[in-house]
Amino acid sequence: MIKQIEEAGKFFIPKDYMQELRWYEGDDIQMFLRPLYSELVLKKLTQGCVFCDSAGNLVRVGRLCVCLNCVERLKNAKPGDFLYPV
């Protein structure tokens, strides 16, 4: 597929491509320049848990991710507890 660059450097990613990649409106996309190859690489930003930075067993809370281990720790927390990453 060939796309033309529009005014201000805009171009559109076809909806079927976005669905295949599981990219959704509001997702954060990283861009990497590879000037040697005249390439621009787009990659969906994969986030870790906002508390412990774990990349596994994530639950999305709005645009943030929390791992199930931290969800459990938060569920069991009592007023005055100090929770820190483990």
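In this structure, CG on Asn57 lies 11.0 Å from SG on Cys70, to the nearest 0.5 angstrom.
The side chain to side chain contact (heavy atoms under 4.5 Å, CB included) check on Val41 picks up Phe32, Arg34, with sequence neighbours excluded. For Leu36, there are no side chain to side chain contact (heavy atoms under 4.5 Å, CB included) partners, not counting sequence neighbours. Contacts of Lys44 classified as side-chain hydrogen bond (donor to acceptor under 3.5 Å, both in side chains), with partners at least two apart in sequence or in another chain: Asp27. Asp81 is linked by a side-chain hydrogen bond (donor to acceptor under 3.5 Å, both in side chains) to nothing, counting only residues two or more places apart in sequence or in another chain. Remark: Cys65 engages Gln47, Leu58, Arg60 in a side chain to side chain contact (heavy atoms under 4.5 Å, CB included) (not counting sequence neighbours).
Linking Ile, Leu, Val, Met, Phe, Trp and Tyr whenever their side-chain heavy atoms come within less than 4.5 Å puts Leu83 and Val61 in one cluster. Both Ile29 and Leu33 are part of a single hydrophobic cluster, where members link through side-chain heavy atoms under 4.5 Å apart.
The shortest non-hydrogen separation linking Cys49 to Cys67 is SG-N, 3.4 Å.
Using a 4.5 Å cut-off between side-chain heavy atoms of Ile, Leu, Val, Met, Phe, Trp and Tyr, Leu68 falls into a hydrophobic cluster with Val59.
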Listed pairs under 3.5 Å, donor-acceptor, residues 3-23 side chains, sequence neighbours left out:
none

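Taking the side chain as every heavy atom from C-beta outward, Val66 and Val50 approach each other to under 4.5 Å.
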